[in-house]
Amino acid sequence: MTIETEMPETQGVVRNHLPAKQPLRLLIPITALAESRWGVSHALLLHEQGQSIEVVFLNVGEIITDWQVLRFRSQAEVAHFQSERAQAFFDEASIPLLSHDIPFRCVFKRGDPVFCILDTAEEMACDCIAMPIPRGGICSIFSRNIVTAVISRNHSIPVVKVDHDGKPAQSH
């Protein structure tokens, strides 16, 4: 970023090449569940507070090993279907960010959700991971087991659990 400062007429314009303040890069795992959008509300809340934000959306597709599915569809077909669904989730989740001029990136990965969340956060140099307050159950990416596993396996990137309004419930 170039900052221009007017000096007295005899001195002209000085260009100062100070580095611009880096935005907070926030990883938000996105699924079909409404709770996954709570991280978007958190990003909007930070933006309204004057924080410069950049969002990285992540959708994780499960590796399908069920023979009943693979009997009729190849892994490539399943992956294609999952990536198309991920794009629909990204499109829907990014609408509020577009209206506030908040930059974002979208990443689709297949594999273990905990590994993919932590790997993407590190790979994309995220400053924070925003996840909804966990709910009970074992099947959801936002179950207590997944959120707890992300928190326990992660030692370098803070995880913020957010409520439906995007307000932090508890940071780790």
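This one's a predicted model, so the numbers in the text were calculated from it and none came from an experiment.
Sorted by first and then second residue, the side chain to side chain donor-acceptor pair (under 3.5 Å) pairs with a member in residues 38-51 form an empty list; sequence neighbours excluded. Applying the salt bridge (charged side-chain N to carboxylate O under 4.0 Å, His left out) rule to pairs touching residues 122-133 yields Lys109-Glu123, sequence neighbours excluded. Judged as a salt bridge (charged side-chain N to carboxylate O under 4.0 Å, His left out), the pairs with a partner in residues 52-62 (not counting sequence neighbours) are, in order, Arg25-Glu54, Glu54-Arg105. For residues 77-95, the set of pairs meeting the salt bridge (charged side-chain N to carboxylate O under 4.0 Å, His left out) definition, not counting sequence neighbours, comprises Arg37-Glu92.
When the side chains of ILVMFWY residues are joined at heavy-atom separations under 4.5 Å, either directly or via intervening members, Leu45 and Val159 end up in two distinct hydrophobic clusters. Placement of Leu46 and Leu98 within a single hydrophobic cluster is found when ILVMFWY residues are connected by side-chain heavy-atom separations under 4.5 Å, directly or transitively.
The closest side-chain heavy-atom distance from Ile28 to Leu58 is not below 4.5 Å. The closest side-chain heavy-atom distance from Val150 to Met131 is below 4.5 Å. By the 4.5 Å heavy-atom criterion applied to side chains, Val40 and Val55 are not counted as neighbours. For the pair Ile102/Leu44, a side-chain contact is recorded, criterion being any heavy-atom separation below 4.5 Å from C-beta on.
A distance of 8.5 Å separates OG1 in Thr120 from CZ in Phe115, rounded to the nearest 0.5 Å. Taken to the nearest 0.5 Å, the CD1 atom of Ile157 stands 11.0 Å off from the CG atom of Leu26. Residue Leu27 holds its CG atom at 9.0 Å from SG of Cys128, rounded to the nearest 0.5 Å. Atoms CD1 and CG, from Ile53 and Leu97 in turn, are 9.5 Å apart once rounded to the nearest 0.5 Å.
Smallest separation of non-hydrogen atoms from Cys126 and Val56: SG-CG2, 4.0 Å. Of all heavy-atom pairs spanning Ala130 and Gly39, the tightest one is CB-CA, 4.1 Å. Considering all non-hydrogen atoms of both residues, Phe57 and Ala93 come closest at CZ-O, 3.8 Å. Considering every non-hydrogen atom in both Ile129 and Pro29, the closest pair reads CG2-CD, 4.5 Å. Minimum heavy-atom separation, Gly111 to Val60: O-CG1, 3.4 Å.
Not a single side chain to side chain contact (heavy atoms under 4.5 Å, CB included) links Asp101 to another residue, sequence neighbours left out. Every residue two or more places apart in sequence or in another chain that forms a side chain to side chain contact (heavy atoms under 4.5 Å, CB included) with Ala86 is listed here: Asn59, Phe90, Phe108.
Ser36 places no side-chain N or O within 3.5 Å of a backbone atom of Ile30 that could act as its donor or acceptor partner. Formation of a donor-acceptor pair under 3.5 Å by the Ser83 side chain with backbone atoms of His80 is found in this model. Without hydrogens or angle criteria, Asp165 side chain to Lys167 main chain gives no donor-acceptor distance under 3.5 Å.
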Please determine whether side-chain contact (heavy atoms from CB on, under 4.5 Å) holds for the pair Ile133 and Val147, giving the CA-CA distance in whole Å, both sets of side-chain angles, and the decisive distance to 0.1 Å. CA-CA 8 Å; Ile133 298 168; Val147 174; over 6 Å; no

